[in-house]
Amino acid sequence: MSKVIIIGAGGVGTVVAHKCAQNHDVFSEIVIASRTRSKCDAVAAAINQPWVTTDSVDADSVDRLVELFERHRPDMVINVALPYQDLTIMEACLKCGVNYLDTANYEPKDVAHFEYSWQWAYRERFEKAGLTAILGCGFDPGVSGVFTAYAAKHWFSEMQTLDIVDCNAGNHGKAFATNFNPEINIREITQNGRYYQDGEWVVTEPLEHHRTLNYPNIGPRESYLLYHEELESLVQNYPTLKRARFWMTFGQEYLTHLRVIQDIGMARIDEIDYNGQKIVPLQFLKAVLPNPQDLGKNYHGETSIGCRIAGLGKDGNPLTYYIYNNCSHEAAYNETGMQAVSYTTGVPAMIGAMMFLTGKWTTPGVHNVEEFDPDPFMAQLPLQGLPWHEVVNADLEL
């Protein structure tokens, strides 16, 4: 029986709280904390269980986080706040002897730059403290890494190419909306692309490379090459990979809106002066766009996320392998009140915490998910609402 603090009460935090509450045999006490306590109270009220309580915290402040942790003494913190806050939360965990899990790597506010170096720098401190930090335990990153680890363990003697493919075929009825925090989403998509090829990183223009891929139960969708953080750790942990890429689908209407946002300067992340007040255009845009947390009610369709891997099988012969999950927006909303993008991130975060709290992922230090045994995590995915499927020796289209 263990106590956790969930930091963040947005769409993902809401799903994490619901799923932790469904597994009371593991999560005996759950505290939901964010800057705005009323948001936490609303989540707790929807769950309506006495072991789910709330608090408030400024996650930008190590001191405020330490006060929170000392007041509640959790076994683990599940960080689903903003990526800017990863390091302050990790510092507070070290000060208080608390284990840590997140779903997205740290990035500084003033530059859209995605890499694990800032968090990997904490490895020795967490190891010496006897604490475990699990990085990137959403879906991608997260399940994508576990899928890769599972493929390496059970199917391949040598993985040579990896393509992570992410399709959202849902329709929320809005002219333009992002499926998670607009500020983070737009920063990610408008940056240069990057992929791994023969030991080097190849940089591309934003959304320069695209192709049509077929997704199970969905069909063909135009898919665009992006840089995504899990590639950084996966190519290190699986050095036989000669190529690793990440692809995501976007509709033409979405891309048109995105181009206009960039062209008129609303994607800027630097401060400008407006009537004597400093504002960041992208943060202002976030304030006027639909809240991703409110999209679920009218969201139809499904997501499809998976890994397409080629290499040599355990028998030494060429092998292709595609492992994926499809998730219904309607089913996710009916269960948690959130759409499938939040659901597919929140469920794995809960499972990762479960892995630690049940003694299956407990190596001290700072680790990406693929460094742990994938089997117990994979066993929980279908039980917790994310069934997975395998396709062997089919055309990967990549």
Residue set satisfying side-chain contact (heavy atoms from CB on, under 4.5 Å) with Arg194, at least two apart, ordered chain then number -> Trp201, Val203, Tyr227
Can you get from Tyr324 to Phe156 by hopping between Ile, Leu, Val, Met, Phe, Trp and Tyr side chains that sit under 4.5 Å apart? no
Donor-acceptor side-chain pairing of His329 and Glu302 below 3.5 angstrom: no
Side-chain heavy atoms nearer than 4.5 Å, only ILVMFWY residues, links allowed to pass through others: does that put Leu312 and Trp155 together? no
Which heavy atom of Leu135 sits nearest to which heavy atom of Tyr116, and what is that distance? CD1-CD2, 3.9 Å
NZ/NE/NH1/NH2 to OD/OE distance under 4.0 Å, Lys128 and Glu124: yes
If we ignore hydrogens and angles and just use 3.5 Å, is the side chain of Glu371 paired with the main-chain N or O of Asn368 as donor and acceptor? yes
If we only count heavy atoms from C-beta on, is the Leu386 to Pro348 side-chain gap below 4.5 Å? yes
What residue pairs, at least two apart or across chains, pass ring-ring contact (aromatic ring centres under 6.0 Å, His included) with a residue in residues 12-50? His24-Trp51
Considering only residues two or more places apart or on different chains, which pairs with a residue in residues 129-152 satisfy side-chain hydrogen bond (donor to acceptor under 3.5 Å, both in side chains)? Ser144-Glu230
Under 3.5 Å, side chain of Thr36 to main-chain N/O of Ser38, donor-acceptor pair present? no
For residues Pro387 and Asn325, report the shortest heavy-atom separation together with the two atoms involved. O-ND2, 2.7 Å
Supply the members, apart from Val66, of the Ile/Leu/Val/Met/Phe/Trp/Tyr cluster built from side-chain contacts under 4.5 Å; use none for a lone residue. Val62
According to a hydrophobic-cluster definition based on side-chain heavy atoms being under 4.5 Å apart (Ile, Leu, Val, Met, Phe, Trp, Tyr only), do Phe372 and Leu381 belong together? yes
Hey, does Leu68 have a side-chain heavy atom less than 4.5 Å from the side chain of Ile5? yes
Are Gln160 and Thr240 linked by a side-chain donor-acceptor pair shorter than 3.5 Å? no
All side-chain contact (heavy atoms from CB on, under 4.5 Å) counterparts of Thr362, not counting sequence neighbours: Phe356
Nearest atoms (heavy-atom pairs only) where Ile134 meets Val369: CG2-CG1, 3.9 Å
From CD (Glu222) to CZ (Arg211), nearest 0.5 Å: 10.0 Å
Tyr321 and Glu390: side chain donor to acceptor below 3.5 Å: yes
Below 4.5 Å, heavy atoms only, C-beta onward: do Ile323 and Cys307 meet side chain to side chain? yes
Going by side-chain hydrogen bond (donor to acceptor under 3.5 Å, both in side chains), name the residues that satisfy it together with Arg73, two or more places apart in sequence or in a different chain. none
Closest heavy-atom contact between Cys167 and Thr249? CA-OG1, 3.3 Å
Hey, are Tyr122 and Glu91 close enough side-chain-wise for a donor-acceptor pair under 3.5 Å? yes
side-chain contact (heavy atoms from CB on, under 4.5 Å) between Val143 and Thr344, worked out: CA-CA 9 Å; Val143 176; Thr344 54; over 6 Å; no
Residues in ring-ring contact (aromatic ring centres under 6.0 Å, His included) contact with Phe377, at least two apart in sequence or another chain: Trp361
Checking Asn275 now: which residues fulfil side-chain hydrogen bond (donor to acceptor under 3.5 Å, both in side chains) with it, not counting sequence neighbours? none
With a 4.0 Å cut-off on N to O distance, would you call Arg35 and Asp58 a salt bridge? yes
Hey, could you give me the CD/NE2 distance between Gln339 and His300, rounded to the nearest 0.5 Å? 13.0 Å
Which residue pairs satisfy the salt bridge (charged side-chain N to carboxylate O under 4.0 Å, His left out) criterion with at least one member in residues 332-343, sequence neighbours excluded? Lys19-Glu335
So CD1 of Ile32 and CD1 of Ile7: to nearest 0.5 Å the spacing works out to 12.0 Å
Report, as yes or no, whether the 6.0 Å neighbourhood of atom NZ on Lys3 holds more than 12 heavy atoms from other residues, nucleotides or ligands. yes
Just how far is it from atom CG of Asn393 to atom OH of Tyr322, taken to the nearest 0.5 Å? 15.5 Å
Ring centres under 6.0 angstrom apart (Tyr224, His209): no
Just verifying a value: how many Å separate Trp247 CH2 and Leu225 CG, rounded to the nearest 0.5 Å? 5.0 Å
Report the C-alpha distance between Arg71 and Asp55 in whole Å, list the side-chain angles of each, state the deciding distance to 0.1 Å, and finish with yes or no for salt bridge (charged side-chain N to carboxylate O under 4.0 Å, His left out). CA-CA 10 Å; Arg71 188 159 59 249; Asp55 210 324; 3.0 Å; yes
If every non-hydrogen atom of Asn79 is compared with every non-hydrogen atom of Asp86, which pair is closest and at what distance? ND2-OD1, 2.8 Å
Side chain to side chain, Val347 and Val15, heavy atoms closer than 4.5 Å: yes
Does any donor atom in the side chain of Tyr215 or Ser223 lie under 3.5 Å from an acceptor atom in the other side chain? yes
Determine the minimum heavy-atom distance between Leu398 and Asp163, stating which atoms define it. CD1-CB, 3.3 Å
Filter on side-chain hydrogen bond (donor to acceptor under 3.5 Å, both in side chains), then keep only pairs touching residues 372-388, sequence neighbours left out; what's left? Asn23-Gln384, Lys153-Asp373, Lys153-Asp375, His154-Asp375, Gln380-Gln384
Counterpart residues, ring-ring contact (aromatic ring centres under 6.0 Å, His included), relative to Tyr238 (two or more places apart): none
State whether the side chain of Glu208 and the backbone N or O of Glu205 hold a donor-acceptor pair below 3.5 Å, judged by distance alone. yes
Would a 4.5 Å heavy-atom cut-off, applied to side chains only, mark Pro216 and His389 as touching? no
Sorted by chain and residue number, the side-chain contact (heavy atoms from CB on, under 4.5 Å) partners of Asp41 (sequence neighbours excluded) come out as Arg37, Thr54
Inspect the contact between Glu158 and Lys242 and indicate whether a charged nitrogen and a carboxylate oxygen are less than 4.0 angstrom apart. yes
State whether Arg308 and Glu397 are salt-bridged, where the test is any N-O pair (Lys NZ or Arg NE/NH1/NH2 against Asp/Glu carboxylate O) under 4.0 Å. yes
Indicate whether the side chain of Asp102 and that of Gln119 have a donor and an acceptor atom separated by less than 3.5 Å. yes
